[in-house]
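Position 1 is the first residue of the sequence; numbering continues from there. Remember, predicted model here, so these are calculated numbers, not experimental data. Any value given below was found using the heavy atoms of this structure, including those in side chains, with hydrogens, waters and symmetry copies removed.
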Amino acid sequence: LLDSPSALKLMEAPRGSFKTSLIIAWIIRLILNNPNVRIFYGSDVYTNALKVVDAIKTYFERCTLLREVFGDYVGENWRRESLTVSKRTKVLKDPTLSCFATDKDITGGHCDVMVWDDIVTDKNSRTSEGVQKAIGIFESEIAAGSDAVDVLAAMAVADQRLGWCLAEVGRQPEAAA
């Protein structure tokens with residue numbers, strides 16, 4: 001699914017099925033294959049998004065095998081909420097990886113890939129305002145031409161809300177078989 005040519009993807013799995021771990025590995029692979037990639041990683045809560053960025057940084061800093069095979073990717077711009085790898089060959093304004101969340105204002109930027117991990121939850125989409133915020137993020141990023149990977153817990157309420165968000169922006173995801 002993550003290698004399919006479809007720009008919009010949907011991976012559904014229940015809690016405890018290591019969705020986020022798979023996403024971390026996939027993001028690392030994206031960076032290794034293209035150090036000029038710009039990835040936005042989003043979660044429902046900013047502290048959760050920061051934890052994923054920190055985990056990815058830790059792999060690049062401490063995984064001996066990764067460093068032996070691919071070299072040192074640790075860059076000078078290694079911040080709490082973002083990182084820019086040392087292997088980047090283009091001058092780009094935006095970092096290699098940065099994070100966002102629905103509970104924090106999202107500032108401008110451009111990305112090649114947007115990853116949403118458990119971004120639609122019962123807590124943040126109970127109100128029409130919460131649903132409209134998710135739609136706004138979809139609209140702005142999809143209109144800008146970003147690839148998107150949506151990763152949600154498999155719950156009926158989340159599925160319905162995501163479907164409604166996607167219908168609002170006129171897109172249908174490719175789902176995992």
Side-chain angles (χ1 to χ4, degrees), residues 1-13 18-63 66-67 69-120 133-134 136-152 162 165-166 169 171 173-174 176:
L1 174 69
L2 296 176
D3 287 332
S4 79
S6 174
L8 191 60
K9 303 164 180 68
L10 173 65
M11 180 190 344
E12 295 178 281
F18 300 98
K19 294 182 307 295
T20 302
S21 297
L22 289 170
I23 290 169
I24 289 169
W26 183 69
I27 288 173
I28 291 169
R29 182 175 154 226
L30 282 174
I31 294 168
L32 293 173
N33 286 332
N34 178 9
N36 295 311
V37 70
R38 296 165 302 175
I39 303 166
F40 286 174
Y41 171 85
S43 188
D44 64 325
V45 179
Y46 193 60
T47 54
N48 291 346
L50 289 172
K51 288 177 188 176
V52 168
V53 171
D54 187 55
I56 290 168
K57 285 192 259 187
T58 300
Y59 278 105
F60 280 115
E61 293 167 348
R62 298 185 190 161
C63 182
L66 187 96
R67 292 172 71 88
V69 173
F70 296 100
D72 183 7
Y73 273 70
V74 177
E76 291 180 22
N77 294 323
W78 218 246
R79 300 187 176 118
R80 181 173 183 237
E81 71 287 344
S82 65
L83 63 93
T84 300
V85 296
S86 63
K87 303 277 187 184
R88 185 175 266 187
T89 60
K90 293 181 180 176
V91 177
L92 299 168
K93 176 183 74 88
D94 297 299
T96 305
L97 173 66
S98 57
C99 67
F100 70 92
T102 57
D103 72 341
K104 185 172 172 35
D105 286 337
I106 300 169
T107 58
H110 297 283
C111 66
D112 304 304
V113 178
M114 178 177 260
V115 180
W116 292 34
D117 187 1
D118 286 331
I119 203 159
V120 177
K133 188 170 185 176
I137 295 168
F138 257 110
E139 287 176 331
S140 65
E141 290 306 321
I142 291 174
S146 298
D147 287 341
V149 176
D150 295 335
V151 183
L152 302 171
L162 176 66
C165 290
L166 291 171
V169 296
R171 300 289 296 272
E174 180 175 331

Original post:
For the side chain of D94 and the backbone of R38, is there at least one donor-acceptor N/O pair under 3.5 Å apart?
Top reply: no

**OP:** Determine whether E81 and V53 make a side-chain contact, defined as any pair of heavy atoms from C-beta on separated by less than 4.5 Å.
**Re:** no

Original post:
Which atom pair, heavy atoms only, marks the closest approach of K87 to F70?
Top reply: CE-O, 3.7 Å

Original post:
Take atom OH in Y46; do more than 12 heavy atoms of anything else shown fall under 6.0 Å from it?
Top reply: yes

Original post:
Where do A49 and Y41 come nearest, in terms of heavy atoms and distance?
Top reply: CA-CE2, 3.7 Å

Subject >> R67 bridged to D72 by N-O distance under 4.0 Å >> reply: yes

Subject >> Heavy-atom check, side chain of W26 versus side chain of V113, under 4.5 Å >> reply: yes

Original post:
So, does N36 use its side chain to make a donor-acceptor pair with the main chain of T89 at under 3.5 Å?
Top reply: yes

Original post:
When rounded to the nearest 0.5 angstrom, what distance separates OG in S98 from CG in N77?
Top reply: 12.0 Å

**OP:** Measure the spacing between OG1 of T96 and CG of D112 and express it to the nearest 0.5 Å.
**Re:** 10.0 Å

Subject >> Gap between atom NZ of K57 and atom CG of L50 - 0.5 Å precision >> reply: 8.0 Å

**OP:** First locate atom CD1 of I28, then atom CZ of F60, and finally report the distance between them rounded to the nearest 0.5 Å.
**Re:** 5.5 Å

**OP:** Test side-chain contact (heavy atoms from CB on, under 4.5 Å) on V52 and I23 and set out the steps.
**Re:** CA-CA 9 Å; V52 168; I23 290 169; 5.6 Å; no

Subject >> Flag side-chain contact, heavy atom, 4.5 Å: N48 against V45 >> reply: yes

**OP:** For the residue pair I31 and Y73, establish whether any side-chain heavy-atom pair is separated by less than 4.5 Å.
**Re:** yes

Original post:
How long is the gap from CD1 on I27 to CD1 on I56, to the nearest 0.5 Å?
Top reply: 4.0 Å

Original post:
Side chains of S43 and D117: do they bring a donor and an acceptor to under 3.5 Å?
Top reply: no

Original post:
If you round to the nearest 0.5 Å, how far is CG of L97 from CH2 of W78?
Top reply: 9.0 Å

